[in-house]
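Ligands are counted one by one from 1 in listed order, and the atoms in each one are counted from 1 as well. Numbering starts at 1 and runs along the sequence shown. The structure displayed is predicted, hence computed values, not measured ones.
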Amino acid sequence: MTQPCDSPVDLFIIGGGINGCGIARDAAGRGLSVRLAEMGDLAQATSSASTKLFHGGLRYLEYFEFRLVHEALTERETLLVAMPHISWPMRFVLPYHRDMRFEGDTPTSKLLRLFMPWLRGQRPAWLIRLGLFLYDNMGGRKILPGTRTLDLTQDAAGKPLNPKFTHAYEYSDCWVEDSRLVVLNARDAEAHGAEILVRTKVVSAHRDGALWHITTESPAGTRQHLARTLVNAAGPWAEEVIRNRIHIKSTEGVRLVRGSHIVTRRLFDHDRCYFFQGHDGRICFAIPYEQDFTLIGTTDQDHHGPPGDARCTEAEQDYLCAFVSEYLTRPVTRDDIVWTYSGVRPLYNDGATSATAATRDYVLSLDSDGAPLLNVFGGKITTYRRLAEAALVKLAPTFPALGNKWTARVPLPGGDFPYDGVAALTAALKADYPFLTDYWAGRLIRAYGTEAREVLGEARTAADLGRNFGATLTQAELRWLMTREYACTAEDVVWRRSKLGLRLSEDQISALAAFMAEEASRGK
Ligand SMILES: Cc1cc2nc3c(=O)[nH]c(=O)nc-3n(C[C@H](O)[C@H](O)[C@H](O)COP(=O)(O)OP(=O)(O)OC[C@H]3O[C@@H](n4cnc5c(N)ncnc54)[C@H](O)[C@@H]3O)c2cc1C
């Protein structure tokens with residue numbers, strides 16, 4: 001069934017990743033009428049497959065990406081304050097050893113080869129210290145503590161490490177629940193009047209005078225839309241959208257670089273992360289994850305084939321195991337892996353020579369040959385809000401009445417409490433809902449912040465929350481996810497709205513899927 005066109009919207013956005021949802025929120029809050037179409041679930045692609053750091057990108061300093069690093073560093077604390085439930089500060093321990101080597105083709109390594117050939121590719125300690133000095137001071141840090149030096153023979157961070165590592169540097173960055181960040185942006189966009197369409201694929205779009213004519217397909221059928229501007233925020237599909245949906249000739253495109261992660265049972269007992277450097281010049285993080293696990297990544301490989309096919313290959317798993325085993329006293333093997341995930345970086349195709357060297361900065365390209373088209377290439381989770389602001393600067397000439405920028409430090413849903421207030425909020429929730437365990441209360445606050453109370457409602461006992469699907473996931477929470485957070489399938493719930501997939505058995509996930517299917521058919 002084809003639904004007829006309704007009146008034109010100001011902005012039609014293709015893609016419900018962090019960039020599409022960030023632009024939707026910002027634009028809707030400035031008074032534009034916005035519609036966003038995501039072909040699957042929100043954050044189903046790159047935006048749920050990141051390392052989940054709000055970071056400046058220490059290693060991008062070696063590529064002289066100063067603009068990106070400065071913007072991202074400055075942004076860390078702005079974001080932390082706006083979403084203290086889903087993001088928090090983290091300390092990173094960077095063990096130092098003389099064997100560490102540079103990647104050969106960074107501008108820094110080329111300079112050192114020229115002026116200090118005797119280093120023979122080594123990454124000297126003074127250079128790391130210099131990088132960390134810049135990192136501490138480029139971003140107007142107020143909340144996050146600065147770098148310190150660690151004696152690994154004394155510090156708890158040295159305990160799980162090979163004794164050859166005797167000292168380290170410890171610096172700050174932040175964690176973020178990437179897929180929840182996307183959903184909260186979509187919800188806030190909707191609260192400002194945007195229409196968010198999930199499971200809705202843009203199959204074609206063409207210009208006719210001052211308007212875009214867009215066709216989408218969803219389980220509800222085919223629908224025609226009219227829009228004054230079109231934003232292509234399709235991430236790894238940005239080039240596919242330009243070529244096959246909009247049919248525009250363009251030299252611009254995306255370079256697809258796959259990054260995979262492995263998750264193991266918890267490998268060490270403290271709450272700090274490791275930043276490991278390899279002999280090949282690459283780096284790898286080992287991060288405490290979901291309380292009982294360790295997240296390790298990432299790889300960096302050119303990806304050929306559809307973006308949706310990205311998987312962590314056995315070779316990548318072996319590479320990551322070998323990488324961290326260089327550092328840890330107990331080697332990590334494939335048997336330790338409990339989960340893997342893989343995503344594709346949609347880097348702007350700038351003709352860089354290696355996957356690791358392609359720019360991580362974003363590029364916004366405006367095509368005003370008729371109704372405007374804004375293509376979004378690249379970007380980081382960390383800079384999504386700034387990218388959205390920059391996108392609206394590009395679109396401002398089309399919308400003279402556009403409001404001012406507004407999103408800095410404005411809380412996302414559930415984030416209206418102090419950045420260091422999680423413990424107090426958790427204790428208060430436990431006091432009011434005494435049946436919650438520490439883990440359960442902590443999980444709810446980390447997911448929903450001040451809205452955890454709305455999820456729990458009037459419940460006085462655990463039984464009041466309805467069916468328990470396992471690992472503290474109840475029917476009340478599921479109802480919230482299905483009615484307020486666009487969740488349609490068990491996968492949306494256990495791998496994106498939460499990471500309960502790590503704790504639920506296959507049978508429990510199947511039971512959840514069956515329940516959700518039944519609920520959905522009842523809602524029809
Ligand atoms: C391994 C890895 C680690 C990373 N780590 C970090 C990190 O720690 N910190 C950080 O700041 N950044 C990190 N990044 C970068 C960050 O994840 C990405 O830059 C960001 O998620 C890109 O978001 P996006 O919205 O552009 O793309 P996506 O999240 O991929 O969203 C694009 C969406 O468009 C949809 N779509 C495509 N075609 C259509 C169509 N025709 N109709 C409707 N919808 C469509 C897709 O389904 C998809 O959901 C990492 C990236 C990778 C791969």
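The six-membered or imidazole ring of Tyr274 lies away from that of Tyr327, with a centre-to-centre distance of 6.0 Å or more.
Contact shell of ligand 1 (protein heavy atoms, cutoff 4.0 Å): Ile14, Gly15, Gly16, Gly17, Ile18, Asn19, Ala37, Glu38, Met39, Gln44, Ala45, Thr46, Ser47, Ala49, Ser50, Thr51, Lys52, Leu53, His55, Thr200, Lys201, Val202, Ala233, Ala234, Gly235, Pro236, Trp237, Gly259, His261, Thr298, Gly343, Val344, Arg345, Gly379, Lys380, Ile381, Thr382.
No side-chain donor-acceptor contact under 3.5 Å links Trp175 to the backbone of Lys52. No donor-acceptor pair closer than 3.5 Å links the side chain of Arg272 to the backbone N or O of Phe92. A donor-acceptor pair is defined here as one N or O able to donate and one able to accept, closer than 3.5 Å; such a pair exists between the side chain of Trp212 and the backbone of Ala371. Thr200 contributes no side-chain N or O that, together with a main-chain N or O of Ser218, makes up a donor-acceptor pair within less than 3.5 Å.
Salt bridge status for Asp300 with Arg345: present, with a side-chain N to carboxylate O gap under 4.0 Å.
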